Peer 1: 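I am attaching a structure below and will ask some questions about it afterwards.
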Amino acid sequence: MERIAIVMAMGVEAAPVLGALGAAPIDAVAPLPFEWHRAERGGCDLLVAVNGRDPRHAVDKIGPEPAALNTYLVLDRWRPDLVITAGAAGGWARAGGAVGDVYLNDDHFVYHDRRIALPGYTDYGIGWYPGVDTRALAAAVGAKRGVVTTGGSLDETPDDRRMIDATGACVKDMEAAAVAWVAELLGVPVLAVKAITDLVDSHVATVEQFDANLAFALHRLVDALVAVVDWCAPRTVAELGEGP
Ligand code: SAH
């Protein structure tokens, strides 16, 4: 691969990644407040595209819409061979998840908060966007694999829970399916690398877990992301599923 793009939502998530890769800021797309950084690793050109700060609310632009827009600009202007959606995520103890676990995507990316009970629209709402085959990669970097499910909210409502049970998802975030949708539209293979900051089925509030575990989970995320890039860079996308 010649070019790999990594799309991330929060500045605090991206900071250790940028440090580990020695990435330097480059111009993004004015006037949009996305933050792009470039690095080189193993002969591969890397672009770390951070969704950046929301100018109105002065917080990070988490959620599906900024992720889709930033991803579109990255893929359209920079044409990577692979796009990686990376960051924090919720997991489930009942699915074997633990704080600090790193998950790669299973075959598909789904949404859990787009319920459209019209003929034909149920699956459209869920999405089912394909991801790259991560079996060999997960074994190589010591990561778990799971269906990643995305929604616009941090919490989980009973309706979300029913959707998540139906798709068998075990990794919950607010960006991945949006990245995967754009990736499918533009024909770029997509991979998720997600570190678990909180367990959705814990009795401790998600926000409390997120704050307590973020630093530890990010440490695991950075190590995994570097290992993933090192594994992917010398291979083609078709070779990713093929083992060592
Ligand atoms: N408390 C933080 C906000 C975290 S939002 C702050 O003050 O800024 C959570 C971010 O991590 C989102 O980008 C989302 O993709 C991911 N995330 C972590 N745990 C999640 C969960 N349980 N559900 C959905 N997204 C989660």
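Atoms within a ligand are numbered from 1 in the order they appear, just like the ligands themselves. The structure presented is a predicted model; accordingly, all values stated were derived computationally and were not measured.
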Peer 1: Taking only heavy atoms of the protein into account, state which residues are under 4.0 angstrom from an atom of ligand 1, in chain and number order.
Peer 2: Ala9, Met10, Ile62, Ala88, Ala89, Gly90, Leu154, Lys172, Asp173, Met174, Glu175, Thr197, Asp198, Thr206, Phe210, Asp211
Peer 1: Does anything in residues 132-151 pair up under salt bridge (Lys or Arg N to Asp or Glu O under 4.0 Å), and if so which pairs, sequence neighbours excluded?
Peer 2: Asp101-Lys144, Asp106-Arg145, Asp107-Arg145, Asp133-Arg135
Peer 1: Linking Ile, Leu, Val, Met, Phe, Trp and Tyr through side-chain heavy atoms less than 4.5 Å apart, which residues share a cluster with Tyr121?
Peer 2: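 Direct or chained contacts put Tyr121 with Ile116, Leu118, Tyr124.
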Peer 1: With side chains defined as the heavy atoms from C-beta onward, is the minimum distance between Asn51 and Val7 less than 4.5 Å?
Peer 2: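 With C-beta onward as the side chain, the pair touches.
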Peer 1: Under 4.0 Å between a Lys/Arg side-chain N and an Asp/Glu carboxylate O for Asp155 and Arg161?
Peer 2: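 No, Asp155 and Arg161 are not salt-bridged.
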Peer 1: For Trp78 and Asp45, does a side-chain donor sit closer than 3.5 Å to a side-chain acceptor?
Peer 2: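 Their side chains do not contain a donor-acceptor pair, so the 3.5 Å distance test is not met.
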Peer 1: Side-chain atoms of residues 206-229: list all donor-acceptor pairs with protein atoms under 3.5 Å, sequence neighbours left out, distances to 0.1 Å.
Peer 2:
residue	atom	partner	partner atom	Å
Gln209	OE1	Leu199	N	2.7
Gln209	NE2	Leu199	O	3.1
Gln209	NE2	Val204	O	2.8
Asn213	ND2	Thr197	O	3.0
Asn213	ND2	Gln209	O	3.1

